[in-house]
Amino acid sequence: MSWLSNAIVKHKKTIIFLYIVICLVSLVGSRFVKVNYGLSLYLPRNLNSILGLNILEDEFGIAGQGYALIEDQPLKDIEGIVVEIQSMKGVEDAIWLGTAEDIFKPEEFMDEDIKKEFLAQNSNLIQIHFTGPDDSLETVNAVKEIQKLIGDRGLVGGPAVVSKDLQHIVAKEVVYYSIVAFVIISIILFLSLESFIEPILFFIAIGAAIALNMGTNTIFNSVSFTTHSVAAIIQLAVSMDYSIFLLHRYMEEKKDYSDRDEAMAVAIDKTFVSILSSSTTTIAGFLALLIMKYTIGRDIGLVLAKGVFFSLITVVTLLPVMILLLDDLIEKYKHRVFLPSFKGAAVFIVRRKYILLLMAAIIAIPAYLGQANVEYYYANEKVLPATSDSSRGTRAIDRLFSNKNRLALLVPNGDRLNEVRLMEDIKKIEGVGSIRGLYSMVDLSIPEFFIPEEVRDNFQSDNHTLINIDLKLPMEGNITRNALDEIENRVTKYYDKWYLTGEAAIYSDLEKTTSKDFINVTLLSIGLITTIVAIAFKSISIPIILVFIIQLGIWINLAIPYMQGIVLNFISFIIIGAIQLGATIDYAILFTSRYAENLKEMKNRDAAIVQTIVDTGRPILTSALILFTGTFSVYIITSMANTKELTLLIGRGAIISLVLVLMVLPSLLIVFDKIIGRTTIGWPKIDNKRREWN
């Protein structure tokens, strides 16, 4: 026994006490973790759109943005609403028809361009600028006050309202799908384990790890709402295996040792390396996300990698103590295992090994081509359900007005003529609706000191002039990207240094930044995990075979939405490969390890494969079902499109990996046995004359 395992079994009460204290502290700490609901925080700080966003906030006091659509109300009443909005805490300004026109003037005498911007079908649009970012608490509270003020007289939309809806929905739904996941995973564990007590101990051990992970997230400035939504479920699903490994080994060692403490110490020693190897591949998959230029990958990767590490710690320290303390209850409440034995399936798979291998080869090519052509989106507003406040408001505003997609162009001030020429030039670009700057509001010939200060401050700071450009285009897509490129080309003719920001500009920069993230993350995760598997098996060929079989599962997983014509959120598309590879390579590792043991004993490939399927079928099925049901619970409950997509991909990926490991990997191990033998240190020799296996 090692000193560590010996210390664990001898200090049970101390370990329990320490975990209670640490978990309580972590739960308190988790209350102080800030959840970020914006995309811009994770973009490189030197991007043009982000630099512009910072200038807009620092020099003009404009950060968050929203819109209010007021229906069937007289202009005098709308003026009152605007005054109340402007007086709210967190609101920088509210711009409406009365900002640029005399509302007592007959409509037919008003400027047509201004009317199009603020008035349509007896509905008035109010553009609201907030002092804080869209996802700040102050902005969210201001949005709530605006919604309360407007009531049933209209709708609200825009980035700030999207952020408010995101926060509300995430906070509400996390509780619901966590409960459902707990119930479903409990059922899976009760079916696959031998005692009613064992699942309870597993949940306590992994639950402690989740608490530690959530509490230590305080070391980060914030975590993204995507991470916050799924981290606990994914951590639970990918690390439950470790508990099963330890418990099964302890039950085996109890048969050889009369002293329970000694049996547990031996079990810890014998399973630690396998649990460490399993957790290392999972951690490597998550850490591969750190290479993403869009640093939400760092956010997701660090939180999940840290969570798996804590799961490893609790499984080898807290779980053994609880098993020993409750061993009598475990024995008392035993029941039969309800999962299949896999004996019949094993014979079927081995007899049809070449057919199954051929089918996999046929599927591989279209799966690879399909996943390479998956389309994905960036816009945050597409994440929300159609029934949310922001979605309803956005649809109504889009239907009536063309100025929801607003860009902010910041150029050095001081050259009136250049500004006017530039605005005239940009107006000619296809997709540009209207353009507003200081000298679209006042005559170019008016001396600057005659311009009202409140008007000048809206468009000029000490260093920059603000020009608002409204696009009659969607937030993203080829047509929008072409318009942005054309705007940038024309601005460059007039100014050496300028900044273009706004949602569409940020999404465009996001697309450029993440264009290589998928391939970089894929290559790094493959490289790291291949290296770990190569070291574990002392082999060149085995890691290639194992990584390929899971990579094939990833291709199939991503080819499905392509064939369905489904557009994925870009985050899901980028990270699913690393997550599926890191989380399910364990199935292939477990299968191959047991196959080597059986091959050494039986000296016959087919017989060893049959026995390996029987030996590993249940644990692999249990692990895959836990990962599938845990994530699928989120999928069926959440209304957030990105969370729904990611969890569906992870859950479906677990089942695909399960099928490939049990049905295709056996064929690969048999077909490439000679190559494996030549490229693997210590690979068992076989007796080619022995053919009996069933």
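All residue numbers refer to positions in the sequence shown, counting from 1. No hydrogens, no waters, no symmetry mates; every other heavy atom, side chains included, goes into these values. Everything numeric in this text was worked out from a predicted model, so none of it was measured.
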Exercise: identify the closest heavy-atom pair between [X] and [Y]:
X: Ala208; Y: Tyr19; value: CB-CD2, 4.4 Å
X: Met214; Y: Val33; value: O-CG2, 3.6 Å
X: Ile613; Y: Pro666; value: CD1-CG, 4.3 Å
X: Asn213; Y: Gln235; value: ND2-OE1, 3.2 Å
X: Val664; Y: Leu356; value: CG2-O, 4.3 Å
X: Ile184; Y: Ser633; value: CD1-OG, 3.4 Å

message = Can you pull out every salt bridge (charged side-chain N to carboxylate O under 4.0 Å, His left out) where at least one residue sits in residues 610-623? Sequence neighbours excluded, please.
response =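 Qualifying pairs, neighbours excluded: Arg594-Asp615.
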query = Partners of Lys306 by salt bridge (Lys or Arg N to Asp or Glu O under 4.0 Å), sequence neighbours excluded?
reply =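 Applying salt bridge (Lys or Arg N to Asp or Glu O under 4.0 Å) to Lys306 gives none.
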Within a strict 4.5 Å, meaning less than it, do heavy atoms of the [X] and [Y] side chains meet?
X: Ile300; Y: Ile571; answer: yes
X: Phe570; Y: Leu510; answer: yes
X: Lys270; Y: Glu253; answer: yes
X: Pro44; Y: Thr513; answer: yes
X: Thr631; Y: Leu648; answer: no
X: Leu599; Y: Asp673; answer: yes
X: Ile550; Y: Leu660; answer: no
X: Leu649; Y: Arg652; answer: yes

How about [X] and [Y]: does a side-chain donor come under 3.5 Å of a side-chain acceptor?
X: Thr281; Y: Asp586; answer: yes
X: Ser224; Y: Asp299; answer: yes
X: Thr643; Y: Tyr177; answer: no
X: Tyr378; Y: Thr514; answer: yes
X: Ser639; Y: Glu173; answer: yes

For [X], does the [atom1] atom have more than 12 heavy-atom neighbours from other residues, nucleotides or ligands under 6.0 Å away?
X: Ile219; atom1: CD1; result: yes
X: Asn221; atom1: CG; result: no
X: Phe672; atom1: CZ; result: no
X: Ile540; atom1: CD1; result: no

May I ask you to decide if [Y]'s main-chain N or O and [X]'s side chain share a donor-acceptor pair within less than 3.5 Å?
X: Thr218; Y: Gly215; answer: yes
X: Thr314; Y: Ser311; answer: yes
X: Asp509; Y: Leu47; answer: no
X: Ser30; Y: Leu27; answer: yes
X: Ser667; Y: Lys353; answer: yes
X: Thr282; Y: Gly582; answer: yes

Measuring from [X]:[atom1] to [Y]:[atom2], what's the distance to the nearest 0.5 Å?
X: Ile620; Y: Leu662; atom1: CD1; atom2: CG; answer: 5.0 Å
X: Ile545; Y: Thr592; atom1: CD1; atom2: OG1; answer: 8.0 Å
X: Leu289; Y: Asp517; atom1: CG; atom2: CG; answer: 9.5 Å
X: Leu290; Y: Asn520; atom1: CG; atom2: CG; answer: 13.0 Å
X: Leu312; Y: Ser239; atom1: CG; atom2: OG; answer: 9.5 Å
X: Leu319; Y: Tyr242; atom1: CG; atom2: OH; answer: 13.5 Å

task = I would like to know whether Tyr587 and Thr584 meet side chain to side chain contact (heavy atoms under 4.5 Å, CB included); could you show each step before the answer?
result = CA-CA 6 Å; Tyr587 310 164; Thr584 65; 3.7 Å; yes
Students often mix this up, so state it plainly: with edges at 30° and 60°, are the rings of [X] and [Y] parallel, tilted or perpendicular?
X: Phe573; Y: Phe518; value: parallel
X: Trp555; Y: Tyr368; value: perpendicular
X: Phe632; Y: Phe628; value: parallel

request  = Could you give me the CA-CA distance, side-chain angles and deciding distance for Glu645 and Ile576, then say whether side chain to side chain contact (heavy atoms under 4.5 Å, CB included) is met?
outcome  = CA-CA 10 Å; Glu645 292 162 6; Ile576 182 55; over 6 Å; no
request  = Scan for ring pair (Phe, Tyr, Trp, His ring centres under 6.0 Å) pairs involving residues 641-661, sequence neighbours excluded, and state none if there are none.
outcome  =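 Non-adjacent pairs meeting ring pair (Phe, Tyr, Trp, His ring centres under 6.0 Å): zero.
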inquiry  = Working note: Ile313 + Phe309, criterion side chain to side chain contact (heavy atoms under 4.5 Å, CB included); need CA distance, chi angles, decisive distance, verdict.
reply    = CA-CA 6 Å; Ile313 298 300; Phe309 173 75; 3.9 Å; yes
request  = For Leu384 and Val162, run side chain to side chain contact (heavy atoms under 4.5 Å, CB included): C-alpha distance rounded to whole Å, both residues' side-chain angles, the deciding distance at 0.1 Å, then the answer.
outcome  = CA-CA 8 Å; Leu384 290 165; Val162 169; 3.5 Å; yes
